[in-house]
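Structure, as structure tokens:
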Amino acid sequence: MEQIDLKQLIKQYPEVLTDGTKLKAYILDLYPQCKRGMVNILVAIQQCGIVAEMQASKNPSALDMSRWKKVLDDDYGFTGATAETCLQMWCSAVGIHLEVRVKVTQKTNIVRPEAKKRKEPEQASISSKLQSSQKDWFEYDGTTLLRLKEKYQKYDGAIYVPNGVESIGEYAFEECSDLTSILISDSVTSIGKKAFSDCTNLVNITIPDSVESLGDDAFKGCTGLTNITIPDSVLSVGYGAFFRCTGLNSITIGNSVTSIGSSAFSGCTGLMSITIPNCVKSIDNYAFEGCTGLTSITIPDSVESLGDYAFKGCTGLTSITIPDSVLSVGDGAFSRCTGLTNILIENGLMGIQQSMFRDCQNLRCITIPNSVKFIGSFAFENCRSLASITIPNWMSSIGDSAFNACHSLTTVEISNSTVSNDMSQNCLTGIVGRYAFQNCPKLTSVTIPEGIGIIEQSAFYGCHKLERVMLPTTLTEIAWYAFDECIALKSIAIPNGVTKIGSRAFLNCTSLQSITIPNGVIEIGSHAFLNCTSLQSITIPLSVTSVGRSAFSGCPIEDANIPISVVNSQPEAKRVYEQVKLKQAQKEEEVRERQEQERKAKEAQEQRERKAREEKERKECELAEAKRREEQKRLEQQRLALEKERREKGVCQHCGGDFKGLLIKKCTVCGKKKDY
């Protein structure tokens, strides 16, 4: 348990001396692990004026301490060593020293005036014969009815608790299973522990207005009861008072009840509705656990705390509103409320406790108010219908498996509220816990709020559709397996404040293409980026002093910016550097070979083109020669034909002119001799 330093708290927040609400809020914020009972006692001491008396008194006596303890006992029911310790803590905080020598050994039974009621007419009309006939059925200790005598415990009729009895003792009617009706006189002020426990056939009982307290398990297992009215005189409903009263379907709670005890109505499966009056300040652990028939409930503005598992397994509930008066809700308060679809949390709640909404399989969306500073482990685990969630932009922690197996979750966004300087400077850096978002197969976008310093082991393991992650500036460490198997993640901006990237942090992120590791990172764990089969570009800063084994194995890195000092001191960095150099050399060789191949191909193409041109020219020449010869032949044939024709006509065969002369005939045109 954390030690509460009231003196330092007053020094830092002096308003807590006069404001009980702020006192409680600050204690729960700064000391979240402290016992809630101690917190309530410390607040009660402030609110009832004892602190003001301490400040006014320079030398309080031990009698003052006794009087203060009696006030706590009478007005609030706080007794024992814890109450005394809280008084001593306040004395020390306000600067007075008190040595306690007097102990109050006997509690004075004070009956409040408003609790004293006159006998109702119907009570007065009970026949004196019935009273006198049953008076000897019981064992007494003064005004306390101790128990029903053994020989009457199988009686199956009505039993009357006689006048003069002020207290029904512990176990007085326990397991009187044949008992059907109880008439309690209005002299009774208290009903003890297990007084009517397991009276399974009890169907009729009226609690008179004189009763101030119902003991633990007072009516436990009274399965025949169908309705009950708790009068205004009762200040608190004890532990398990109506535990497993499965036939109970209607409850009226009086207007003086300030607390509903642990397991008070747990297992009341027939209970369908209940009205909690606007005077109840606390609903304790398991108070309505397993009330499967309960379809609606209104938490009034007077309630300040809900205990652990207060409404666990209330499968009929479909919606719930947590008012701004509620500062704390216990672990698993609404876990396994499988019918719950809508939750409204008003600004005031300090944190979402462990398993608070675990297994609420029909819960679809929720907005967490800015007053919430942490989300506990398993808080929303297995909320399979939860599609989106909005969280404050500053958180101290998101616990282990907080959203594990939220199979429909697609986005986690933060609100637009501003972060105060006090909050960012005075609060410790928080974490995203182990397996926080594991097995969220539809998650595509996450914005992690400011205040988070560590993303723990396997926080986003197996988020196969996660494409966008916005990391806070407060982040200092990404732990091992944090983003393992995030196969859709293409890029991620790592903030400048990060100093460590854990082993296998980005294992098998097969779509990751480039990564810039900011200056300030000291350690990159082994296998940190193993099998990132699309990773081609990395930047490692000078600040890195450790690069783990196989940190970048299986990564086809082609471009690496690594300082030579890191290369020389870190084998894995050297391997990557040499791998990149080798790939660059291979790439250059490939370029040269490609260029040579291109040159040879070009030359071959040119040679082919030249040969084609030469062949074309040759063919053209041959064709032209053939045409020339053909033309020459044609002309020769034409000439011969013409000569023949001219010879036949007797004219010059050369020009067609006429011949003249007697012995030697010559052409009159060309002058050539006739030769035929």
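Atoms considered below: every heavy atom in the structure, side chains included; atoms not considered: hydrogens, waters and symmetry mates.
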Subject >> Pair N362, R364: side-chain N/O donor-acceptor within cut-off below 3.5 Å >> reply: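 Note: N362 and R364 side chains miss the donor-acceptor criterion.
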
**OP:** Give the C-alpha distance, both sets of side-chain angles, the deciding distance and a yes or no for side chain to side chain contact (heavy atoms under 4.5 Å, CB included) between Y140 and V165.
**Re:** CA-CA 9 Å; Y140 301 94; V165 172; 3.9 Å; yes

Determine whether a donor-acceptor pair (N or O, by modelled atom type, separation under 3.5 Å) exists between the side chain of [X] and the backbone of [Y].
X	Y	value
S408	R384	yes
S388	C365	no
S187	G164	yes
E289	Y309	no
S233	V211	yes

Do [X] and [Y] have side-chain heavy atoms sitting under 4.5 Å apart?
X	Y	value
V329	I345	no
I230	F242	yes
Y286	S262	no
S377	S401	no
I205	I184	yes
N249	L271	no
S197	Y171	no
F311	I320	no

Original post:
Is it true that D400 and R434 make a salt bridge, defined as a side-chain N closer than 4.0 Å to a carboxylate O?
Top reply: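 Salt bridge present between D400 and R434.
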
**OP:** Indicate yes or no: does R358 engage E381 in a salt bridge with an N to O separation below 4.0 Å.
**Re:**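 Counted as a salt bridge, because a side-chain N and a carboxylate O are separated by less than 4.0 Å.
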
Which atom of [X] lies closest to which atom of [Y], heavy atoms considered:
X	Y	result
M395	P449	CG-CG, 3.4 Å
I27	L42	CD1-CD1, 4.2 Å
P231	D209	CB-OD1, 3.2 Å

Subject >> Whether F288 and F265 hold their rings parallel, tilted or perpendicular, with breakpoints at 30° and 60° >> reply: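 The arrangement is parallel - the two ring planes meet at less than 30°.
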
**OP:** Measure up the F219 and F196 rings against each other and bin them: parallel (under 30°), tilted (30 to 60°), perpendicular (over 60°).
**Re:**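 Parallel: the ring planes of F219 and F196 meet at under 30°.
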
**OP:** Begin with the C-alpha distance, continue with both residues' side-chain angles, and end with the deciding distance and a verdict on side-chain hydrogen bond (donor to acceptor under 3.5 Å, both in side chains) for S167 and S190.
**Re:** CA-CA 5 Å; S167 175; S190 67; 3.1 Å; yes

Subject >> Y239 OH: over 12 foreign heavy atoms closer than 6.0 Å >> reply: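 No, OH of Y239 has 12 or fewer neighbouring heavy atoms, counting only those of other groups under 6.0 Å.
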
**OP:** Identify the residue among T200, T246, L248 that makes a side-chain contact (heavy atoms from CB on, under 4.5 Å) with L225.
**Re:**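 Of the listed options, the one satisfying the test is L248.
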
Subject >> Name of the residue among F380, F460, Y461 meeting ring-ring contact (aromatic ring centres under 6.0 Å, His included) with F437 >> reply: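 Going through the options one by one, the only one that passes is F460.
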
